[in-house]
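Given the structure is predicted, the values throughout are model-derived calculations rather than measurements.
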Amino acid sequence: PILFNTFANNGGANAPPDNTIDTATLSASLLLPGTNVIAVEIHQFDLGSSDLSFDFSLTGNSAPPLSTQPFGNDLLINWNAPGYFLEQADDVTGPWTPVASFDVPATVTPNAAKKFFRLRK
């Protein structure tokens, strides 16, 4: 068993370089209705190691896909699922606000160097 004080296995000569991004795909069937808690751990190779980095991201794919198409200075955003509405933010962490256009496709005019969109039910 791996415990909180178990050292990481560096893989020897085949170990990936530091700061290698690891990814995993998990089945949505592991999630239950309501609140789910995801726990992650990071382990050092030895007590004398001075470097450690950690960056966690979780991306869910349960919402219907969005398609986009440039339209002059605007952007047409389309989705094919009733009951969803479009939100936008200047940063992926929000704050999120509803897009004024509730038509599908929605026509938006991005007013920032970067803009994030998501569907909400």
Side-chain angles (χ1 to χ4, degrees):
I2 298 175
L3 304 174
F4 74 95
N5 59 352
T6 302
F7 289 117
N9 179 356
N10 77 344
N14 297 324
D18 285 350
N19 295 318
T20 297
I21 296 175
D22 292 319
T23 61
T25 301
L26 304 175
S27 170
S29 67
L30 297 172
L31 301 175
L32 302 173
T35 301
N36 288 262
V37 176
I38 297 175
V40 293
E41 278 185 10
I42 188 167
H43 293 254
Q44 286 282 49
F45 175 64
D46 63 40
L47 286 176
S49 181
S50 62
D51 62 340
L52 184 69
S53 63
F54 182 79
D55 186 8
F56 177 78
S57 175
L58 176 66
T59 304
N61 295 320
S62 62
L66 293 174
S67 64
T68 61
Q69 180 178 359
F71 187 68
N73 290 331
D74 294 334
L75 184 65
L76 297 178
I77 301 178
N78 193 19
W79 63 96
N80 187 15
Y84 285 86
F85 64 94
L86 189 65
E87 292 183 321
Q88 65 182 355
D90 292 330
D91 192 280
V92 72
T93 59
W96 292 89
T97 58
V99 172
S101 171
F102 289 100
D103 297 329
V104 179
T107 303
V108 296
T109 304
N111 58 2
K114 60 182 178 179
K115 190 64 100 171
F116 297 88
F117 297 95
R118 72 179 183 187
L119 288 178
R120 185 147 190 173
K121 199 167 197 178

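- Between the CG atom in Asn5 and the CD atom in Gln44 there is a gap of 13.5 Å [rounded to 0.5 Å].
- Counting all heavy atoms, side chain and backbone alike, Trp79 lies closest to Leu119 at CD2-CD2, 3.5 Å.
- Annotation: the span from Leu31 atom CG to Ile38 atom CD1 amounts to 6.0 Å, rounded to 0.5 Å.
- Nearest approach of Pro64 to Tyr84, heavy atoms of both residues: CD-CZ, 3.4 Å.
- Residues in residues 32-43 take part in these side chain to side chain donor-acceptor pair (under 3.5 Å) pairs, two or more places apart or across chains: Glu41-His43.
- Taking a 6.0 Å sphere around CG of Asn73, one finds it holds 12 or fewer heavy atoms contributed by other residues, nucleotides or ligands.
- Within the model, atoms CZ of Phe116 and CD of Gln88 stand 12.5 Å from one another, a figure rounded to the nearest 0.5 Å.
- Residue Leu66 holds its CG atom at 11.5 Å from CG of Asn80, rounded to the nearest 0.5 Å.
- Atom CZ of Phe71 is surrounded by 12 or fewer heavy atoms from other residues, nucleotides or ligands within 6.0 Å.
- Two residues are said to be in side-chain contact when any heavy atoms from C-beta on lie closer than 4.5 Å; Phe117 and Thr68 fail this criterion.
- Summarising the geometry, atom CD belonging to Gln69 is positioned 12.0 Å from atom CG belonging to Asp74; distances are rounded to the nearest 0.5 Å.
- Applying the salt bridge (Lys or Arg N to Asp or Glu O under 4.0 Å) test to every pair with at least one member in residues 78-89, sequence neighbours left out, gives these pairs: Glu87-Arg118, Glu87-Arg120.
- Note: the hydrophobic cluster containing Ile42 also contains Val40 (ILVMFWY, side chain heavy atoms under 4.5 Å, direct or indirect links).
- The environment of CG in Leu3 is crowded: more than 12 heavy-atom neighbours from other residues, nucleotides or ligands sit within 6.0 Å.
- Considering every non-hydrogen atom in both Leu75 and Pro70, the closest pair reads CD1-N, 4.1 Å.
- Of all heavy-atom pairs between Pro105 and Leu76, the closest is CB-CB, 4.5 Å.
- Phe7 shares a hydrophobic cluster with Leu47; the chain of contacts runs through ILVMFWY side chains whose heavy atoms sit under 4.5 Å apart.
- The two residues Phe45 and Ala8 make their nearest non-hydrogen contact at CD1-O, 3.4 Å.
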